[in-house]
Amino acid sequence: MYRKTIGFLLALAVALAMVIDTYILFFKKPAAVESAAASSNQRSAASSSSSTTATAKHALKDGTYTGKSVDTPHGAVQLQIVVRSGRISQVTTLAYPNEERRSEQINAQALPILKEEVLKSQSASIQLVSGATETSTGFKDSLQNAINQAKESQASA
């Protein structure tokens, strides 16, 4: 009897945790996105002087670069970046896992966060999105490939 009660309570706790996680994932805007939007305006003035240094560090050649297609268990991920004035100015997702409804929901939340991180960091050194680890990893790999192309173009110029 005691084991059944403990087992039931554990199952109930797991179910409650899953419901809370689902709510946070699909219905609540991540606090990091809200705070990033608010603080990005404050940092833009301060970072304008350091952007020249960051540009020199990354040394990307202007142009459009398409990263390799990276296979994940739920589908391929492929990106395209646009570099202007030596900085990544745009990230476009050419392919991402969207064959399953769950994948569509996850990626609708994760991809905008990943794109924002890239534009802030100007590199593939970005945080993975919880709940979208496979897509995040594929995103980073394709992004790194596109960045490498931009660096190689700069080196050969």
Side-chain angles (χ1 to χ4, degrees), residues 17-18 20-157:
M18 290 172 59
I20 291 170
D21 187 44
T22 301
Y23 169 76
I24 290 171
L25 182 63
F26 293 114
F27 299 109
K28 191 164 181 157
K29 188 173 184 180
V33 173
E34 292 172 358
S35 64
S39 65
S40 67
N41 292 336
Q42 296 170 351
R43 283 186 271 161
S44 63
S47 67
S48 63
S49 62
S50 65
S51 66
T52 308
T53 307
T55 302
K57 211 185 316 183
H58 296 296
L60 302 177
K61 184 174 181 184
D62 289 0
T64 302
Y65 303 93
T66 302
K68 67 179 179 180
S69 178
V70 178
D71 289 328
T72 69
H74 297 284
V77 178
Q78 186 175 26
L79 302 180
Q80 185 177 67
I81 62 170
V82 175
V83 177
R84 288 195 186 110
S85 302
R87 296 180 53 82
I88 299 171
S89 63
Q90 183 180 352
V91 180
T92 305
T93 309
L94 301 177
Y96 61 93
N98 61 358
E99 291 183 13
E100 301 170 10
R101 185 167 181 255
R102 177 85 171 128
S103 294
E104 286 182 22
Q105 293 171 335
I106 289 171
N107 291 321
Q109 294 284 323
L111 292 173
I113 294 169
L114 292 167
K115 289 177 184 181
E116 182 178 327
E117 287 290 316
V118 170
L119 295 176
K120 278 195 283 187
S121 71
Q122 292 293 304
S123 73
S125 298
I126 58 175
Q127 294 286 328
L128 299 180
V129 175
S130 179
T133 305
E134 294 163 352
T135 298
S136 297
T137 303
F139 187 98
K140 284 179 71 167
D141 290 349
S142 184
L143 173 65
Q144 186 62 59
N145 181 260
I147 291 171
N148 289 346
Q149 292 174 35
K151 285 180 180 179
E152 289 170 6
S153 294
Q154 181 67 16
S156 66

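Quantities reported herein were computed from a predicted structural model and do not represent experimental measurements. Heavy-atom basis, side chains included; hydrogens, waters and symmetry copies ignored.
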CA sep, side-chain torsions, deciding dist, call: Lys115, Leu79, side-chain contact (heavy atoms from CB on, under 4.5 Å): CA-CA 10 Å; Lys115 289 177 184 181; Leu79 302 180; 5.8 Å; no
Chi angles and distances behind the side-chain contact (heavy atoms from CB on, under 4.5 Å) call for Glu117, Val129: CA-CA 10 Å; Glu117 287 290 316; Val129 175; over 6 Å; no
Stepwise side-chain contact (heavy atoms from CB on, under 4.5 Å) test for Val118 and Leu114: CA-CA 6 Å; Val118 170; Leu114 292 167; 5.6 Å; no
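Here Ser142 pairs with nothing under the side chain to side chain donor-acceptor pair (under 3.5 Å) rule; sequence neighbours left out.
Thr135 and Val77 get closest at one heavy-atom pair: O-CG2, 4.2 Å. Of all heavy-atom pairs between Gln90 and Leu119, the closest is N-CD2, 4.0 Å.
Between the side chains of Gln144 and Asn148, at least one donor N or O sits under 3.5 Å from an acceptor N or O.
Without hydrogens or angle criteria, Ser136 side chain to Ala132 main chain gives a donor-acceptor distance under 3.5 Å. The main-chain N or O of Ser123 is found under 3.5 Å from a side-chain atom of Ser121 such that the two form a donor-acceptor pair. Judged by distance alone, the side chain of Asn107 and the main-chain N or O of Pro97 form a donor-acceptor pair under 3.5 Å.
Using a 4.5 Å heavy-atom cutoff, the side chains of Ile81 and Gln149 are not in contact. Side-chain atoms of Lys151 and Leu60, non-hydrogen and from C-beta on, do get closer than 4.5 Å to each other.
Using a 4.0 Å cut-off between charged side-chain N and carboxylate O, Glu104 and Arg101 make no salt bridge.
Pairs passing the side chain to side chain donor-acceptor pair (under 3.5 Å) check and including a residue from residues 63-73, sequence neighbours excluded, read Thr66-Gln80.
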